[in-house]
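Following: one structure in structure tokens, then a few remarks.
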Amino acid sequence: MSGDREAALRGRTILVGVCGGIAAYKCAGVVSALRQAEADVHVIMTEAAQRFVTPLTFEALSGNPVHTDMFAAASTWNIAHIGLVRKAELMVVLNATATTLAKLAHGMADNLLTACVLASRVPVLVAPAMNTQMWQAAPTQANIRMLQERGVHFVEPGAGFLACGEVGEGRLADEDDILAAIGHLLTRARRMSGQRVLVTAGPTREYLDPARFLSNPATGRMGIALAQEAAARGASVTLVCGPTELAVPPSVACVRVTTAREMHAAVMEHLPGCTLFIGAAAVADFRPVRRSDTKVKKSAAARTIELEPNPDIIAEVSLHRPAGCFVVGFAAESGDLEAHAREKLAAKNLDCIVANRIEPEGGAFGSRDNAVVILWGREGREEVARAPKARVAAAILDRIARLRGSA
Ligand code: CTP
């Protein structure tokens with residue numbers, strides 16, 4: 001094992017779940033390697049896993065008691081279920097079967113392993129293994145997509161000879177690839193530790209009356225992805241989020257707001273002490289001068305709406321930033337992307353700006369993927385190719401770290 005990887009693993013507490021399948025014996029190799037790298041490894045086995053390998057094997061290899069029973073005596077259960085989850089820095093589900101993937105995707109907690117994953121707030125890494133047909137089946141792939149969207153990490157299975165006699169995809173990934181993924185996640189978990197990050201996300205709504213408002217199609221997906229990635233890197237993260245249907249992960253403290261003025265007030269309240277501010281919200285620039293408390297009837301409605309400007313939140317953050325706070329903006333544009341974004345970078349005195357297109361189809365608003373250009377200084381520029389927003393978020397935070405000289 002490489003020195004870097006050993007350093008990443010040493011002294012870290014890892015909860016390893018082992019599922020039932022012929023590759024359960026290969027999980028023993030992973031647990032053994034983690035222990036040799038001086039990680040503190042705790043193993044949970046499902047009932048099916050114990051048909052392939054005995055708990056004693058994992059007990060001997062991990063040097064810790066193996067947990068199997070959700071209904072063990074209360075004291076043991078408390079240690080197993082709550083204590084282990086609190087202690088762990090990473091959860092790894094090895095040899096994940098189609099059934100376990102389905103349970104994890106749908107939040108079922110009918111055994112100790114699935115209950116621990118559900119109760120956990122730390123990163124989760126899954127290494128599936130199953131027959132090719134089961135792997136390729138639509139429900140399995142849909143479950144994987146659902147889990148990936150929630151931030152669960154995967155080590156994809158390899159192709160090769162399977163125990164069922166077929167040759168194809170579905171074989172548990174190689175030990176080395178699993179260990180590399182574990183090392184990567186544990187390193188990532190400390191990359192932003194000590195930082196306090198404030199992110200704005202989503203649209204704002206500016207009401208004319210209780211039934212009508214001015215807004216835009218932003219969903220908050222990009223800002224939520226950034227908040228989630230920063231939290232996964234060990235930062236303490238607050239998200240100030242406009243109206244959205246999307247869930248915010250429990251690793252992120254979320255303040256829900258509706259209007260630009262509410263967003264402004266929440267940002268100013270949480271700004272002190274922040275080391276990084278990211279303005280990913282699509283803030284409405286104007287609000288109606290008058291807001292009626294009752295629904296305006298069509299017959300009484302004016303044909304023109306008088307507007308007044310909202311505060312420019314990020315410009316004010318930039319002006320009153322806490323010492324050392326790095327300020328990152330977004331620019332959603334429909335034409336002349338980089339020229340407009342560079343104007344905003346300078347006008348709002350930002351450290352960098354992430355430019356993305358509103359159009360064509362699949363542009364920035366609402367879509368699951370995004371393609372961006374990060375701009376800084378006079379000429380600094382990095383293109384991030386179209387990818388799921390979680391991956392784009394990681395690329396943005398990597399660039400910020402490089403600009404700040406910490407990576
Ligand atoms: N922003 C903000 N407060 C506002 C308007 C924008 O904090 N009232 C922030 C956004 O979160 C983003 C950046 O400013 O980080 C640029 O937002 P954008 O809407 O693209 O730019 P505007 O300044 O509104 O300019 P325009 O509408 O003319 O493109």
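Read the numbers this way: they start at 1 and go in the same order the structure lists the ligands and their atoms.
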Residues 247-266 vs salt bridge (charged side-chain N to carboxylate O under 4.0 Å, His left out), sequence neighbours excluded, gives none

With a 4.5 Å limit on heavy-atom distance, are the side chains of Thr140 and Gln136 in contact?
-> no

In chain-and-number order, ligand 1 lies under 4.0 Å from a heavy atom of each of Gly279, Ala281, Val283, Asp285, Pro311, Asp312, Ile313, Ile314, Gly329, Phe330, Ala331, Ala332, Lys344, Lys348

Contacts satisfying ring-ring contact (aromatic ring centres under 6.0 Å, His included) that involve residues 180-214 (not counting sequence neighbours) are Tyr207-Phe213

Would Thr204 and Glu206 count as having a side-chain donor-acceptor pair, cut-off 3.5 Å?
-> yes

Could you tell me whether the side chains of His67 and Asp69 share a donor-acceptor contact shorter than 3.5 Å?
-> no

For Arg399, enumerate each residue passing the salt bridge (Lys or Arg N to Asp or Glu O under 4.0 Å) test, keeping only those at least two apart in sequence or located in another chain.
-> Glu382

